[in-house]
Amino acid sequence: AQSVTQLDSHVSVSEGTPVLLRCNYSSSYSPSLFWYVQHPNKGLQLLLKYTSAATLVKGINGFEAEFKKSETSFHLTKPSAHMSDAAEYFCVVSEIEGGKLIFGQGTELSVKP
Amino acid sequence: NAGVTQTPKFQVLKTGQSMTLQCAQDMNHEYMSWYRQDPGMGLRLIHYSVGAGITDQGEVPNGYNVSRSTTEDFPLRLLSAAPSQTSVYFCASSQGSIFSNQPQHFGDGTRLSIL
């Protein structure tokens with residue numbers, strides 16, 4: 001069965017330190033992978049997407065993610081956290097062949113001054 | 001530049017009441033969808049539409065109805081509200097299929113409490 005697992009429900013970092021949010025997935029096809037960010041009382045906003053081109057994907061606000069097929073992972077990183085990065089982050093897998101759209105459970109990122 | 005607009009932002013209902021959550025988009029997207037967000041469960045697809053007059057069920061369709069009479073609007077109806085439907089509801093639109101590589105554009109949500 002297709003699934004998405006975000007390995008941490010909550011991550012806390014200090015401002016200026018690196019961010020790593022982990023996502024593993026399973027898929028029977030060649031999926032598209034997304035990271036979305038959700039600020040309080042707001043809808044989800046696209047950070048970046050992978051669609052079988054370059055395995056290292058750059059997104060907005062300095063975020064990037066690397067698709068590793070052998071590890072079935074799509075981890076999100078940022079070299080230096082900013083206070084405005086505090087939000088909830090969702091890893092999402094879509095499969096057009098299987099007609100599937102699956103959201104991870106979300107990772108809440110806290111940034112300490 | 002409105003994007004996807006959801007109304008109302010907040011609503012409290014009593015069990016058994018009905019209501020319609022409104023969703024409108026101004027990007028001329030063919031594809032629209034409804035989700036519910038519950039703590040620790042991410043978003044789950046309720047219903048979606050691939051164009052005016054065409055809708056289909058998602059992962060959790062029971063208790064909800066939809067219709068799509070225009071490209072712009074995609075209302076979600078709760079026919080007889082139940083406490084289990086207390087949630088945050090999001091509407092989204094996209095240029096391509098929700099199962100494709102096209103990103104979705106989300107509204108800011110409707111927070112619904114059912115007593």
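Residue with the most contacts toward chain A among Ile98(B), Val88(B), Asp38(B), Asp108(B): Asp108(B) (heavy-atom pairs, distance under 4.5 Å). Highest contact tally toward chain A, considering only Gln104(B), Gln6(B), His105(B), is held by Gln104(B) [criterion: heavy-atom pairs under 4.5 Å]. Put simply, of Phe34(A), Phe90(A), Tyr50(A), the one with the most heavy-atom pairs under 4.5 Å next to chain B is Phe34(A). In terms of non-hydrogen atom pairs under 4.5 Å with chain B, the most contact-rich of Gly99(A), Ser32(A), Gly106(A) is Gly99(A).
The aromatic rings of Tyr48(B) and Phe99(B) lie perpendicular to each other, with more than 60° between the two planes, well past the 30° mark.
Glu95(A) and Ser27(A) share a side-chain donor-acceptor pair at under 3.5 Å. Using a 3.5 Å distance cut-off with no hydrogens or angles, the side chains of Ser87(B) and Arg111(B) do not pair a donor with an acceptor. Judged by distance alone, the side chains of Tyr64(B) and Tyr89(B) do bring a donor and an acceptor atom under 3.5 Å apart. Judged by distance alone, the side chains of Tyr35(B) and Glu59(B) never bring a donor and an acceptor atom under 3.5 Å apart.
Residues of residues 36-44 of chain A lying within less than 4.5 angstrom of chain B, judged on heavy atoms, are Tyr36(A), Gln38(A), Asn41(A), Lys42(A), Gly43(A), Leu44(A) in numerical order.
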The test is side-chain contact (heavy atoms from CB on, under 4.5 Å); show your working for Thr15(B) and Ile114(B) and say whether it passes. CA-CA 6 Å; Thr15(B) 298; Ile114(B) 300 167; 4.1 Å; yes

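The pair Arg68(B)-Asp73(B) does not count as a salt bridge, with every side-chain nitrogen at least 4.0 angstrom from each carboxylate oxygen.
Atom OG of Ser49(B) sits about 13.5 Å away from atom NE2 of His29(B), to the nearest 0.5 Å.
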